[in-house]
Amino acid sequence: MLSLTSFEMTNPITASAPAKLILFGEHIVVYGEPAIATALDKRAYVTAITLDEKKIVVRSKNLGNEIEASFKEQTKDPVVRAAQVALEKTKANKGVQVEINSEIPVSVGLGSSASVSVATAAAILKLFSEKEPSKFEIMAVAHEAEKIAHGNPSGIDTAITTFGGTIFFKKGEIESLGAPQMEIVVGNTKVPRNTKEIVENVKKIIEDPRVAYNLFTISSIVRRAREALLRSNLTEIGHLMNKNQEFLRALGVSSVELEQLIQVAQQAGAYGAKLTGAGGGGCMIALTDSPEKIQDVLNKRGAEAFVVKTNQAGVRYE
Ligand code: MEV
């Protein structure tokens, strides 16, 4: 058993968690249908250290700001919420300061808020416990924080960020897929988007029978994509990305900017392309065997394009 002295010596704790991409099934996953997500090689790092005063201090190196909050106050900040829930779970009798240092672009659909919440939960849970928390404990704390960021999150962002790899997710079920590591080109439209608002817009139309048909078609695309990923069949994965995009467009969550970049990538020979995450703006993704070429054509069309590697590690201690 650890003594109190060796427990104190674990202060500070740094945890990191990856960015994510939804490869298939965004939006329908909110209604209990499946989706597939993968963890990327861009991470958010959070260092937690105890404070003698019972308060929460959140410092963001990226934003260059500092927030101070109490253990119980109502908050609109997901990181403060993650800290509050983790402190409550560990019955902490000290305060905490967390410092965020993230490589993940914010508000573009790459799961930046989930990554920071997961890394914060992991760092604080370990700081105030004698044993390492389980991934399920970390995910449960981060899910509370995500409710502030997204309203009614399906849980897929916190699940992929916690477990890493590539997962087939349905509410309550997480299947780790032995999927290949792929290079994917991400094209940021630079148009800001609001996940909460877009998810609410979809909710307004989801009861319409024509939309329900759309939902079931995407669901079957996701299941076929699971098989294609397990067989590493890039042509089929790309074809299914194009199909998923057709139905996302019909759901009203695409945009002119996203459509332009998707078409440019498809015409330049990508296996497939689609929006990722909530849509409305943010990022599109393209699967290709020539990532530099696709990155280049997207940049020429005014996107901010970069190449990411899929299937990376989930939350971990540094
Ligand atoms: C956001 O990354 C994905 C959505 O499906 C919302 C959710 O799953 O909570 C749009």
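Counting starts at 1 for both ligands and their atoms, in listed order. Throughout, residue positions are numbered sequentially from 1 according to the sequence presented. Computation of the quantities below employed the complete heavy-atom set of this structure, encompassing side-chain atoms and omitting hydrogens, waters and symmetry-equivalent molecules.
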*asked:* Could you go through S254 and Q245, starting from their C-alpha distance and side-chain angles, then the distance that decides it, and tell me whether this counts as side chain to side chain donor-acceptor pair (under 3.5 Å)?
replied: CA-CA 8 Å; S254 195; Q245 177 59 25; 3.2 Å; yes
Polar-atom distance check: [X] versus ligand 1, any N or O pair below 3.5 Å?
X	result
N152	no
E26	no
T195	no

For [atom], what is the closest protein heavy atom, and at what distance to 0.1 Å?
atom	value
atom 5 (O) of ligand 1	H27 N, 2.9 Å
atom 8 (O) of ligand 1	S154 OG, 2.6 Å
atom 3 (C) of ligand 1	I22 CD1, 3.7 Å

Can you name the atoms of ligand 1, numbered from 1 with element, that are less than 4.0 Å from a heavy atom of [X]?
X	result
A278	10 (C)
V29	5 (O), 8 (O)
I156	8 (O)
D157	1 (C), 2 (O)

*Do Y31 and F216 have ring centroids that are under 6.0 Å from one another?*
no
*If only atom types and distance count, is the side chain of D41 paired as donor or acceptor with the main-chain N or O of K309 below 3.5 Å?*
yes
*With backbone taken as N, CA, C and O and side chain as the heavy atoms from C-beta onward, which portion of V30 lies under 4.0 Å from ligand 1: side chain, backbone, both, or neither?*
side chain
*Relative to ligand 1, is K20 under 4.0 angstrom through side chain, backbone, both or neither, heavy atoms considered?*
side chain
*No-hydrogen, no-angle side-chain donor-acceptor test under 3.5 Å, N299 and E304*: no
*Scan side-chain atoms only and decide if T75 and R81 contain a donor-acceptor pair under the 3.5 Å cut-off.*
no
Give the table of side-chain donor-acceptor pairs shorter than 3.5 Å for residues 17-29, with sequence neighbours excluded, one pair per line with atom names and distance.
unit_1: K20; atom_1: NZ; unit_2: G109; atom_2: O; d: 3.2
unit_1: K20; atom_1: NZ; unit_2: D157; atom_2: OD1; d: 3.4
unit_1: K20; atom_1: NZ; unit_2: D157; atom_2: OD2; d: 3.3
unit_1: E26; atom_1: OE1; unit_2: K274; atom_2: NZ; d: 3.0
unit_1: E26; atom_1: OE1; unit_2: G277; atom_2: N; d: 2.9
unit_1: E26; atom_1: OE2; unit_2: K274; atom_2: NZ; d: 2.9
unit_1: H27; atom_1: NE2; unit_2: A278; atom_2: O; d: 2.7

*Does I285 reach the side chain of M241, with side-chain heavy atoms less than 4.5 Å apart?*
yes
*State, with a plain yes or no, whether a side-chain heavy atom of D77 is found less than 4.5 Å away from one of I67.*
yes
